[in-house]
Each structure stands twice: as C-alpha cells, then as structure tokens.
2 protein chains.
Amino acid sequence: MLSHQDIWAALDKLAARFSMSSSAMARQAGLDPTTFNKSKRRGNDGKDRWPSTESLAKVLNTLGVSFADFAMLTAQSQAGRLSFAMGANVPLLRLSQAREDGFFDTSGFPVGEDWDEIRVPGVSDDNVFALQIAGDAMLPVLRDGDRAIVSPNANIRRGDRVIIKAQTGEVLAKSFDKMSAGRVQLLSLNENIPSRAFPLADIQWMAKIVWISQ
Amino acid sequence: MLSHQDIWAALDKLAARFSMSSSAMARQAGLDPTTFNKSKRRGNDGKDRWPSTESLAKVLNTLGVSFADFAMLTAQSQAGRLSFAMGANVPLLRLSQAREDGFFDTSGFPVGEDWDEIRVPGVSDDNVFALQIAGDAMLPVLRDGDRAIVSPNANIRRGDRVIIKAQTGEVLAKSFDKMSAGRVQLLSLNENIPSRAFPLADIQWMAKIVWISQ
DNA sequence: GACCAAATAGGTATTTTTTCCTATGGCTAT
DNA sequence: ATAGCCATAGGAAAAAATACCTATTTGGTC
C-alpha cells in the first residue's frame, strides 16, 4: 500500500543520500525551500499532503535519479516482476576485449565508453523460482548452496540446462539435448557422458535454468 | 528526464494492462471517471497537468501494483542501480523440499505457501559488470556465450569463483583458495587439479563472479 | 437501425499544493 | 557581539488538480 508517508520518507532518504536537507533539495530543484517542510506535510485539519508528481519530477531530474530508483526508496522496497523482467543495465564486455587495455582501472572497475550493456536479470516469467542446491551431485556447475534461478515458461533449446522433476520425486539438473519419440535426450551437466533418454512419462515437468548464483 | 508525458503514458499502459479504459481505472480507484481524460492533460493555456501522487497511489493500491513496477512503465524503463541492489523477490525452495509433493503444479510452476524468498540479483556494487565468455577453456562452468556477472567490490572468500586479469592481459576464471605471502592460491574451476599459486605482482585485479547466465 | 452504457470532451466549483512572505532559531565566520 | 546564511514553522495568496456536472461520441448488443 503506497502511502503519502512512503513518498515523504523516500524524499527524505533521497535528500540524505545527497547529504542535503529537504529545503536545500527543494531549492536546488527550483522549488521554494519550504515546499518539503515537515510542518507542511499535514494540514491543520489533519489532512495528509501529497507532494505533486511535478515537484517530484523536478527533484529527480535535477539530481539525476531515475523514477524507478526513487520508487525503490519507498517502504515497499523490493522490485516487482516488471523490473525483474526488464532488468538493470549492466556494462558488458567480450572476453577478447577484456584482454585489452583501457576497459578497467587498477581495481577492476569498468572505465571507458566502449562497453555494451545487457539487462540483468531480464527474466520475463511470472512463475520464476529459485532452487537451492544441496550436495555435490551436480558439481562443478552447481555447488552445494548455489541457487539456480528456474523459468518454467522459458523455451528450452538444445544445450540449455534444465531442472527436471521425475515422477519418483527426484529432482535433477541436466543439459537438454533433444526430444525424440516420447522421450527426452538429456546430457549430464559435465557432458562427458553420452546423452541418455528419459521417457516423458517418467517426468513431471522440465524447466530451464536461467541464472546460477556464485 | 521524467516528464508529465511519461507519467500519463505509464498510466495508460497500466490501464491497458488491466484491459481498462483510463476512465474505468479512475472509477475503480474511487476517482472521478474524467480525472485521467486526455482532454484534461493539458490546460487551455497549454500548461501540462501532472496527475497527483495521491491519485496515482489510489490507482496503484486498488490494482495491487507496486510503485516500483509503475515506475518501470515510464519511458526510462530500465531499473537503476538501487533496484539492481535490492532485487526482486523470487520464491526459493531447497532441493530436499523440491522432491516432495505440493510445491509445484504439473507445469513446474510454484504453488503453495511454504516457499522462502530471495532477492535476485541483489548485487550492491556500482561497478558491477558482465563478461561474455568465449571458447571452451572454462567448461563446464562457463560455456561459450555465457555471461558472468562480476562484482569488483565484493569480498572474496575461499571457494568463491573469480575473474582475474593478469599483467599479461590474460583473463582467467578461477576458484579462490587463499592468500599466502604475496601470492594467491587459485583452483581451476573444475577443481580436479591442485591449487596453483600466482604472485600478486602478476595480477592486475581479481573480482568475484556473482551470477552466471545459462 | 435503435438503444444503452461507457468513454470522452468540456465547464465550473471545490479542494489541494505551491509560491511568496515573514518570523524564529541555529550555526559559522568575522 | 554581530552579521549572514540556512533550516524550519507558519500564514495568505496564487496556481494547480480533482470533484461535480453536462453534453457528445463511441462501441456493443439486440
């Protein structure tokens, strides 16, 4: 439930983040310095005052903060499904570029402008879930404690790594090879064993792994 | 730059998403059905009208949409650093639970209420970057085309997988063992080779891998 | 085509937020 | 001690958004 307090609190956090008072932040945004006064957040009649979207936009635009990041400062602070799907821009470099000079400073921080970008996590699936691995049966791809992010709605293609739940209840991680005649051909994750056919009837469901934590 | 058009457009997208007109959405939120009329988004004097945060909150709260997800509908549609850090809640299950009945429907979608939650990606590092793998030198952990998300500011502990850039420019993925006397002990990713010592002087930087795409 | 409900345009009154202004207190520099 | 600046409270005026209302248009059903 988004409330006016949520928005005021987020504005205060934003000011604090830039080491400003709320009046300095208002002033910098071209608003009257008294605009965000605590004394004006509730009327004499006890009625809540909501900062306008125009004032908010002026502040965000002046400070260079995105609307999405501002929304994250509100009390309900986790990103929702949509932001999960759209993801955050993360600088991307190919391995061959990484070998060259000019892409990192001495701490390994990205520098320069020739970086691409990808969206992370970028998983458009409302039914996505995480599976925490136990044991060492799936080493080295999946270690004890690693978390595999699994997307049941994702299309599965050759080479994709998948989680399978068998009718027996067993849960396996495999590499998908192909479908053939009521069977699915699966490879072990370390791929040094020939593919093995599993009858579809033995499988409850199969879903693609999209990310693995490290 | 957040503009009033951004916000209006996002409200229209929201209405469309729920298969409603903007007047139906306003009505459902307890607002006057004419509140979001296109004809009222600009005054006769040409001045832009901004929907109030109060009206917006009423709509979001009625539709059960988070402020963060609404922000994602605006034109600047990528999540920022903060949402990247805080992550989205993803249902989490332990492998042992996954073997039981009652956690998945027949399509592999999560059901039931005994799921934990984790935040994904949950990487609090402004200098995070992605490295796209080429070749098969790091199989099976890192395949050709996989993307490793690398966090230069993350603390590195025993067993963590890291990207190392050598002074020669070579870029390696290894498993961190320990530090000892001006050297770092590193294991191969597939861990069937004894750890090998690299002089720190040979290394430009070393940074932890936090996620790997699949 | 007729009918009805919803959507939309547009005007006015009401409510709400910002602006403008004043006052007070705190902090810093001279 | 004094001056200047900033932060905050508070009041009144101005500006802006919503509520209320009316009229027209649009879309769906029979």
Side-chain angles (χ1 to χ4, degrees), chain A residues 1-63 65 67 70-71 73-75, chain B residues 1-63 65 67 70-71 73-75:
Chain A
M1 291 295 282
L2 181 64
S3 71
H4 91 294
Q5 288 132 314
D6 292 332
I7 300 189
W8 286 118
L11 275 168
D12 289 338
K13 282 182 198 171
L14 190 57
R17 195 155 190 156
F18 286 84
S19 304
M20 285 191 211
S21 64
S22 56
S23 78
M25 184 170 72
R27 189 185 294 112
Q28 188 162 328
L31 302 168
D32 187 81
T34 63
T35 305
F36 300 144
N37 283 8
K38 285 186 174 48
S39 60
K40 289 176 177 291
R41 296 182 184 180
R42 175 159 291 189
N44 291 334
D45 56 358
K47 198 112 198 296
D48 299 326
R49 185 185 139 223
W50 296 74
S52 71
T53 48
E54 187 176 18
S55 299
L56 179 56
K58 282 180 177 175
V59 169
L60 296 181
N61 293 337
T62 295
L63 297 182
V65 172
F67 192 32
F70 176 76
L73 292 175
T74 56
Chain B
M1 293 294 282
L2 181 64
S3 70
H4 91 296
Q5 289 132 312
D6 292 332
I7 299 187
W8 285 119
L11 274 169
D12 289 338
K13 282 184 198 167
L14 191 55
R17 196 157 190 155
F18 286 84
S19 305
M20 286 192 210
S21 64
S22 56
S23 77
M25 184 170 73
R27 188 186 294 114
Q28 188 163 329
L31 301 168
D32 188 80
T34 66
T35 305
F36 301 143
N37 282 9
K38 284 185 173 55
S39 62
K40 286 176 176 294
R41 296 182 184 181
R42 175 158 290 189
N44 292 335
D45 56 357
K47 200 114 196 287
D48 300 325
R49 186 185 136 222
W50 297 72
S52 72
T53 48
E54 187 177 14
S55 299
L56 179 55
K58 283 179 175 175
V59 168
L60 295 182
N61 292 338
T62 294
L63 296 182
V65 172
F67 192 30
F70 176 75
L73 293 174
T74 58

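Everything quoted here is computed from the prediction, not taken from an experiment. Protein chains get the first letters and strands the later ones, always in sequence-line order, with residue 1 at the start of each.
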Length of the [atom1]-[atom2] vector between [X] and [N], whole Å:
X	N	atom1	atom2	value
B:Lys58	C:dT15	NZ	P	14 Å
B:Leu11	D:dA17	CG	P	14 Å
A:Arg41	C:dT16	CZ	C1'	17 Å
B:Arg42	D:dA17	CZ	C1'	16 Å

**Request:** Determine which bases of DNA chain D form Watson-Crick or G-U wobble pairs with both distances under 3.5 Å, and write the result as a 5' to 3' dot-bracket string with | for other-strand partners.
**Result:** ||||||||||||||||||||||||||||||

**Message:** Just to verify, what does A:Asp48 make a salt bridge (charged side-chain N to carboxylate O under 4.0 Å, His left out) with, not counting sequence neighbours?
**Reply:** A:Arg42

**Flag side-chain contact, heavy atom, 4.5 Å: B:Pro51 against B:Ile7** = yes

**Request:** Take atom CG of A:Asp45 as the centre, draw a 6.0 Å sphere, and report whether it contains more than 12 heavy atoms from other residues, nucleotides or ligands.
**Result:** yes

**Asked** Just by modelled atom types, is the A:Ser39 backbone N or O under 3.5 Å from a matching donor or acceptor in the A:Asn37 side chain?
**Response** no

**Request:** Would you check if the side chain of B:Asp6 reaches a backbone N or O of B:Ser3 as a donor-acceptor pair within less than 3.5 Å?
**Result:** yes

**Request:** Quick one: pull up OG in A:Ser52 and CG in B:Leu56 and give me the separation to the nearest 0.5 Å.
**Result:** 12.0 Å

**NZ-OG1 distance between B:Lys58 and B:Thr53, expressed to the nearest 0.5 angstrom** = 11.0 Å

**Asked** So does B:Lys40 pair up with B:Asp32, basic N to acidic O under 4.0 Å?
**Response** no

**Item:** Phosphate-side-chain proximity, B:Thr35 and D:dA19, N/O vs OP1/OP2 below 4.0 Å
**Value:** yes

**Request:** Summarise how protein sits on nucleotides 7-16 of chain D as a single string, 5' to 3': B when a protein heavy atom is under 4.0 Å from the base, S for sugar-phosphate-only contact, - for no contact.
**Result:** SSBBB----S

